[in-house]
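Chain A is the first sequence line, chain B the second, and so forth, proteins listed ahead of strands; every chain is numbered from 1.
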Amino acid sequence: MENLLRMGIREAVKSLWGVDVNDDLLQLQKTRKEFEGDLTLVVFPLTRISHHAPEQTAAEIGEYLLSHIDAVSGFNVIKGFLNISITPSEWAKRLQVIASVSGYGFIPAGPEPDTVVIEYSSPNTNKPLHLGHIRNNLLGFSLARINGAAGSKVIRTNIVNDRGIHICKSMVAWQLFGNGQKPEDTGMKGDHFVGDFYVLFEKKYREQIEGLVAAGSTPEEARENAPLMLEARRMLLKWEAGDEETVTLWNMMNSWVYAGFDVTYKALGVEFDKIYYESETYKTGRELVLRSLEEGHLLKREDGSVWIDLTADKLDQKLLLRSDGTAVYMTQDLGTAVIRYNDYHFDRHIYVVGNEQNYHFQVLALTLQRMGYDWAKGLHHFSYGMVELPEGKMKSREGKVVDADDLIAEMTATATSMSEELGKLAGYSGSEKENICRQIGLGALKYFILKVDPKKNMTFNPAESIDFNGNTGPFIQYTYARIRSVTRKADETGAGTVNDNCNDVTPNPKETAVIKLLNDFPGLVQEAAKEQSPALIANYCYELAREYNQFYHDFSILGEEDRSLRNFRLKLSEMTGRVLESGLWLLGIEAPERM
RNA sequence: GGCCCUAUAGUUCAAUGGAUAGAACGCGGGUUUCCUAAACCUGAAAUUUAGGUUCGAUUCCUAGUGGGGCUACCA
């Protein structure tokens with residue numbers, strides 16, 4: 001529709017003033033609700049060509065369009081805005097086209113698609129997932145689907161930070177205070193079990209620091225010399241040296257954690273195509289650094305530590321290997337990137353990581369380029385804002401976090417009590433009820449998080465919880481469920497199907513409004529991929545659901561006597577349902593058949 | 001100190017440089033013999049400040065102020 005008009009306008013300008021107009025001067029947008037029309041041309045930029053006043057320019061173009069394009073039924077000019085009306089029957093034809101397309105809005109990957117690796121989640125194995133990880137996982141999972149829908153080949157990946165000082169802390173604490181207990185002895189999920197030892201370590205460590213400071217140490221010395229920290233460092237060295245007892249303990253505790261993570265990922269509905277482990281990539285990173293050092297890209301200090309000097313790029317010097325030869329975070333990320341490139345030869349690599357690591361990823365990309373890897377230009381840090389609690393930042397060291405498992409359970413519980421209160425779901429089996437409430441609770445959580453611009457920090461208030469009314473996931477799910485209810489009924493009663501004829505229908509304004517939104521969907525998916533923004537999809541779904549609900553409220557579908565019109569409304573409903581389902585799918589939200 | 005992000009109704013969020021800044025929650029008033037009222041209709045309520053660019057700025061630029069982050073031999 002938009003392309004048709006663009007062509008017409010270009011023709012009009014050519015015919016009226018003899019100029020081939022550049023496409024970016026044709027500012028075509030949706031007409032705002034309070035004005036008559038469907039699409040609006042902003043003519044200010046064209047006055048340079050016409051040398052006429054905006055109103056006159058608009059009127060001349062409007063006349064041309066009206067007499068040359070059948071689909072244009074009229075126009076009006078307000079200031080510099082040309083509001084163009086499209087005939088309702090043209091919109092009805094659009095609906096037919098939309099209905100005839102399979103996979104509407106999605107572009108299948110071509111023979112040589114753009115390959116994009118998306119890394120998200122990236123947990124540490126010393127503690128369970130929390131609300132911050134939920135935002136990360138939901139964004140990453142949705143981005144993967146959006147990029148896939150836009151025609152890219154997507155590899156969803158995860159880097160598990162399974163080695164390093166943090167897991168050594170949990171290991172030390174378990175050795176000292178665990179009494180040989182295992183998760184199954186306590187009935188706890190493995191990740192929570194291990195996480196509790198991490199918190200315990202930090203608690204005891206703080207006590208030791210306080211003790212040392214009281215005995216006369218400076219705080220800095222105390223942090224360095226506290227026995228627990230010395231033990232954790234020793235543990236890390238033993239691990240890197242391959243000490244058998246240490247590695248066995250490490251393997252055991254990590255396996256507990258993974259069992260726990262799997263449960264959380266499954267509950268959240270996220271998946272990965274390939275999981276990398278830092279313990280398997282950091283050595284490649286170290287070799288890379290040492291080779292690059294020989295090649296003269298890096299510098300070695302007297303104490304043996306290895307650095308890259310990025311001061312020419314207005315950054316600092318950055319440590320790549322410690323003086324004791326052990327790897328840091330950057331070391332393994334370098335290794336992981338190279339391994340991944342060798343595995344997939346990606347065009348783009350998106351890291352879904354919080355904005356606190358903006359500097360890290362600048363350094364990562366630059367360092368790889370310095371090392372001679374040109375593909376590192378395809379590295380992109382998808383930097384999202386923090387999730388904060390009303391009282392401020394979450395602090396996992398102090399155990400002040402919103403736990404992912406707890407939150408998911410609470411959402412489901414709220415959905416369940418709400419459903420019962422509303423008297424929904426009477427007559428469904430226990431497992432059916434359970435599944436629907438799970439879908440709704442998760443839908444509420446996911447939508448709440450994804451509708452926000454990823455760049456921005458967001459506040460999460462656990463006490464006020466998340467709404468189920470208004471601009472929410474359940475609102476969209478409810479709209480979908482109502483549509484399914486209608487189409488099911490149509491099938492059962494033989495009132496009609498989507499394929500039935502409705503060619504002679506002239507849609508009313510509410511119906512047209514819905515078709516216009518449906519018509520926007522493919523472009524919107526492309527834009528969401530270009531902008532890397534699930535929030536665009538979320539807000540679109542809400543708008544479509546709202547518009548459809550108005551139509552649904554004002555007009556009867558199955559009660560309509562006229563057969564053509566009834567078929568038309570069924571088709572409109574069916575297509576709205578399909579697009580809502582697709583949109584929700586792009587967000588990783590399930591669309592319940594009933595609720 | 002240096003660098004990055006951010007600022008919109010009481011609150012949570014929208015708005016490719018375009019018209020009278022759009023929703024939701026909350027608050028006020030309505031709608032159910034009718035396909036699901038988790039819905040629909042309706043009222044009050046907002047662009048941090050000062051400059052600049054532009055026919056036109058919530059949007060772009062500069063400066064100030066508030067909030068957050070980074071600047072670790074943590075990850």
Across all strands shown, which nucleotide pairs with rU31(B) by Watson-Crick or G-U wobble geometry, both distances under 3.5 Å?
-> rA39(B)
Toward the 5' end of RNA chain B, by each residue's nearest nucleotide, Met458(A) or Glu224(A) = Met458(A)
Please figure out whether Glu34(A) or Glu356(A) has its closest RNA chain B nucleotide nearer the 5' end.
->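 Result of the comparison: Glu34(A).
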Whole-Å [atom1] distance, [N] and [M]:
{"N": "rA9(B)", "M": "rA46(B)", "atom1": "C1'", "value": "4 Å"}
{"N": "rA24(B)", "M": "rA44(B)", "atom1": "C1'", "value": "16 Å"}
{"N": "rU42(B)", "M": "rC25(B)", "atom1": "P", "value": "14 Å"}
{"N": "rA57(B)", "M": "rA21(B)", "atom1": "C1'", "value": "12 Å"}
{"N": "rG10(B)", "M": "rG51(B)", "atom1": "C1'", "value": "31 Å"}
{"N": "rG17(B)", "M": "rA72(B)", "atom1": "C1'", "value": "43 Å"}
{"N": "rA15(B)", "M": "rC60(B)", "atom1": "P", "value": "12 Å"}
{"N": "rA19(B)", "M": "rU58(B)", "atom1": "P", "value": "9 Å"}

Atom-pair distance ([atom1] on [X]; [atom2] on [N]), nearest Å:
{"X": "Arg569(A)", "N": "rC35(B)", "atom1": "CZ", "atom2": "C1'", "answer": "12 Å"}
{"X": "Asn457(A)", "N": "rC13(B)", "atom1": "CG", "atom2": "P", "answer": "10 Å"}
{"X": "Tyr282(A)", "N": "rA75(B)", "atom1": "OH", "atom2": "P", "answer": "13 Å"}
{"X": "Leu524(A)", "N": "rU16(B)", "atom1": "CG", "atom2": "P", "answer": "12 Å"}
{"X": "Lys169(A)", "N": "rC74(B)", "atom1": "NZ", "atom2": "P", "answer": "9 Å"}
{"X": "Met386(A)", "N": "rC70(B)", "atom1": "CE", "atom2": "P", "answer": "9 Å"}
{"X": "Asp520(A)", "N": "rU16(B)", "atom1": "CG", "atom2": "P", "answer": "14 Å"}
{"X": "Asp313(A)", "N": "rU71(B)", "atom1": "CG", "atom2": "C1'", "answer": "16 Å"}

Quick check for you: among [options], whose closest atom lies nearest to any side-chain atom of [X]?
{"X": "Phe44(A)", "options": "rC70(B), rG18(B), rU36(B)", "answer": "rG18(B)"}
{"X": "Asn124(A)", "options": "rA75(B), rG22(B), rA7(B)", "answer": "rA75(B)"}
{"X": "Asn469(A)", "options": "rU36(B), rA75(B), rC25(B)", "answer": "rC25(B)"}
{"X": "Asp467(A)", "options": "rA75(B), rC25(B), rU6(B)", "answer": "rC25(B)"}
{"X": "His553(A)", "options": "rC40(B), rA75(B), rC35(B)", "answer": "rC40(B)"}
{"X": "Thr31(A)", "options": "rG69(B), rA19(B), rA75(B)", "answer": "rA19(B)"}
{"X": "Glu388(A)", "options": "rU36(B), rG68(B), rA75(B)", "answer": "rG68(B)"}
{"X": "Arg233(A)", "options": "rC74(B), rA24(B), rG22(B)", "answer": "rC74(B)"}

Nearest-0.5 Å distance, CD1 of residue Ile167(A) to OG of residue Ser170(A) | 5.0 Å
If you measure from OG1 on Thr479(A) to CD on Gln477(A), what distance do you get to the nearest 0.5 Å?
-> 9.5 Å
Remember a base hit wins even if backbone is also touched, and classify [X] as base, sugar-phosphate or nothing at under 4.0 Å, heavy atoms.
{"X": "Leu315(A)", "result": "nothing"}
{"X": "Asp453(A)", "result": "sugar-phosphate"}
{"X": "Ile165(A)", "result": "sugar-phosphate"}
{"X": "Tyr548(A)", "result": "nothing"}
{"X": "Tyr542(A)", "result": "sugar-phosphate"}
{"X": "Gln477(A)", "result": "nothing"}
{"X": "Met595(A)", "result": "base"}
{"X": "Ala481(A)", "result": "base"}
{"X": "Asn83(A)", "result": "base"}
{"X": "Phe475(A)", "result": "sugar-phosphate"}

Using only side-chain N and O atoms of Gln550(A), determine if any of them is under 4.0 Å from OP1 or OP2 of rC41(B).
->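 For Gln550(A), the contact criterion (side-chain N or O under 4.0 Å from OP1 or OP2 of rC41(B)) is met.
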Does NZ or CZ of [X] come closer than 6.0 Å to the centre of the six-membered ring of [Y], within 45° of the ring's axis?
{"X": "Lys169(A)", "Y": "Tyr198(A)", "result": "no"}
{"X": "Arg163(A)", "Y": "Trp250(A)", "result": "no"}
{"X": "Arg135(A)", "Y": "Tyr384(A)", "result": "no"}

If you go through the side-chain atoms of [X], does one of them form a donor-acceptor pair with the base of [N] closer than 3.5 Å?
{"X": "Lys455(A)", "N": "rU6(B)", "answer": "no"}
{"X": "Ser419(A)", "N": "rA38(B)", "answer": "yes"}
{"X": "Asn539(A)", "N": "rA24(B)", "answer": "no"}
{"X": "Thr40(A)", "N": "rA19(B)", "answer": "yes"}

Only residue of Glu574(A), Glu560(A), Glu561(A) satisfying salt bridge (charged side-chain N to carboxylate O under 4.0 Å, His left out) with Arg569(A) is Glu560(A)
Check: Leu39(A) main-chain N/O paired with Thr31(A) side-chain donor or acceptor under 3.5 Å = yes
Do other residues, nucleotides or ligands put more than 12 heavy atoms under 6.0 Å from the NZ atom of Lys30(A)?
-> yes
Stepwise, does the ring pair (Phe, Tyr, Trp, His ring centres under 6.0 Å) test hold for Tyr282(A) with Trp239(A)?
-> CA-CA 13 Å; Tyr282(A) 81 102; Trp239(A) 183 88; 5.6 Å; yes
